[in-house]
Amino acid sequence: MGRERGARALQDLQEHPCSARKLAERAAYSTIIQKSVPLPLPESRLVCLVTDLTMAIAAERTSQVAINYKDQDPVSFARMNARVQALLQAYAAANCHDWRSFARWSDAGYLRHLLHECDDFELMLICWKPGQTSRVHNHADSHCWLAVLAGEVQETQYRPVVPKAEAEAEPHAPAPLSGASPPELSALLLSEAEGSSGCSSLSSSGESNASFAAAQMQAQFSKLQEQRREQAERQAEEQEKGQAEVLCCDDLRLVRTQTRCVQVGGVAYINDGLALHCVGCPAAAECPNAIASTGTNTTSTAANSGSKGPVAGQGSCSGRKGGRAAAAMSSSGGLTALFGRRVNGTIGSGCADALAYPAAADGDMATANGANGWACTLHLYAPPIRRVKAYEAGGHVTECTPGFYSRHVLRP
Ligand SMILES: N[C@@H](CS(=O)O)C(=O)O
């Protein structure tokens, strides 16, 4: 009897996602509810987001499709990508503030705050001060979406350079970072859907992408391959002329292919299938008034000006707004950071596996605003990232396990 009621409640929840009542019902049938304080109120947008993301991803998993960028069927990925992007974008654009109680910044490097983790995905809040960036890294076959909640971030993409001898032996081969992958395809579809404005936002309007048929995707994929061939040729030319920025680590040479900015409200898909990359918050000098107005605008240049800060307290959000947050520490002591590059250089290079991280100072508990140019991003990794490769200029390619600064549980 109890089981039946539970199943009915969950089915109901799936059909009518995310209302406070439904969430309360769901809580009644959840098995383990681990709480760290303070949790947002059950009806908070962040909790709803976790519930909706869970369903969007589970919907693909139940059809026996492996959820990762390498194995997932393109149509399944396109469907999931559209849903996930629409959910993240709705949250980012709603100008919610419930994330702020989990946000901490540090002078030592960007901080990762784990908000939710399950077998399918992890949701991470990342706090950046101006000038802080991640190392060039991969995502170890995980999908990764990024939504900007405050400020602005830049993503710089890199592609391994094909050694000249190899390129001559096979002149039309694209850089062999990875083979054909669903995300590549989907990202192409999304960028095509946005038109050829030159902006590199990957914000999605939502469900429309899900309707792409497999045949159309195949045609687009051929186009993508052609573009990659052209890009490889352009890179070879740039290298000849010595124009391309090249990063060397171990025997690998990486060439920078593009930089794109994502502003507040914007959503991007980032993945090894597209490129290796690093993400960072532009230094104040590069990016005056870094907080942009709510929306999905992005630019492909480093500089951004004339933007406005977010308006506090607006939007359709409920739940806590700011307030004193508790940073629940990880079981191993908590203060772990990951493949971030420390701006002050005091912590050294290489991956920071379980490296003790200085606690955020009280001053770092202030929230991001237009004046300080700090940024905050929401990252969704599906499945959770277990190990990544980090590429250090003049250094080594290092494997490391991502850690986090604080851990929370957002399940209702
Ligand atoms: N993947 C990085 C952030 S970004 O560079 O995408 C991290 O989780 O620390």
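Scope of the values below: all heavy atoms of this structure, side chains included, with no hydrogens, waters or symmetry mates. Counting starts at 1 for both ligands and their atoms, in listed order.
Counting heavy atoms under 4.0 Å from ligand 1, residue E155 does not touch it at all. The part of H137 lying near ligand 1 is the side chain, judged by heavy-atom distances below 4.0 Å. Looking at L146 against ligand 1, nothing comes within 4.0 Å, counting heavy atoms.
Those atoms of ligand 1 that come under 4.0 Å of a heavy atom in Y381, given as number and element, are 1 (N), 2 (C), 3 (C), 7 (C), 8 (O). Those atoms of ligand 1 that come under 4.0 Å of a heavy atom in S134, given as number and element, are 4 (S), 5 (O). Each of the following atoms of ligand 1 lies closer than 4.0 Å to a heavy atom of I126: 3 (C), 7 (C), 8 (O), 9 (O). In the vicinity of V279, heavy-atom distances shorter than 4.0 Å reach the ligand 1 atoms 4 (S), 5 (O), 6 (O). Ligand 1 places these atoms under 4.0 Å from at least one heavy atom of H379: 3 (C), 4 (S), 6 (O). Ligand 1 places these atoms under 4.0 Å from at least one heavy atom of Y110: 2 (C), 7 (C), 9 (O). Listed by atom number, the atoms of ligand 1 under 4.0 Å from H277 heavy atoms are 6 (O). Taking every non-hydrogen atom of I270 and a distance limit under 4.0 Å, the qualifying atoms of ligand 1 come out as 6 (O).
Between the side chain of D98 and the backbone N or O of S44, no donor-acceptor pair lies under 3.5 Å. Side chain of Q132 to backbone of K129: a donor-acceptor contact under 3.5 angstrom is found. Side-chain atoms of D120 never come within 3.5 Å of backbone atoms of I57 as a donor-acceptor pair (strictly under, hydrogens ignored). Formation of a donor-acceptor pair under 3.5 Å by the T54 side chain with backbone atoms of V50 is found in this model.
S142 meets the side chain to side chain contact (heavy atoms under 4.5 Å, CB included) test with P383, I385; sequence neighbours excluded. Residues that satisfy the ring pair (Phe, Tyr, Trp, His ring centres under 6.0 Å) test with W128, not counting sequence neighbours, are Y110.
Taking distance alone, with nitrogen or oxygen atoms compared against 3.5 Å, W128 stays at or beyond that limit from ligand 1.
Between H97 and W99, the ring-plane angle classifies as parallel under the 30° and 60° cut-offs.
Taking a cutoff of 4.0 Å between a charged side-chain nitrogen and a carboxylate oxygen, R256 and E155 do not qualify as a salt bridge.
Contact between M124 and ligand 1 is absent, with no heavy atom of the residue lying under 4.0 Å from the ligand.
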Practice task
Applying ring-ring contact (aromatic ring centres under 6.0 Å, His included), run through F77 and H143 and close with a yes or a no.
Solution key: CA-CA 10 Å; F77 174 74; H143 295 299; 4.7 Å; yes
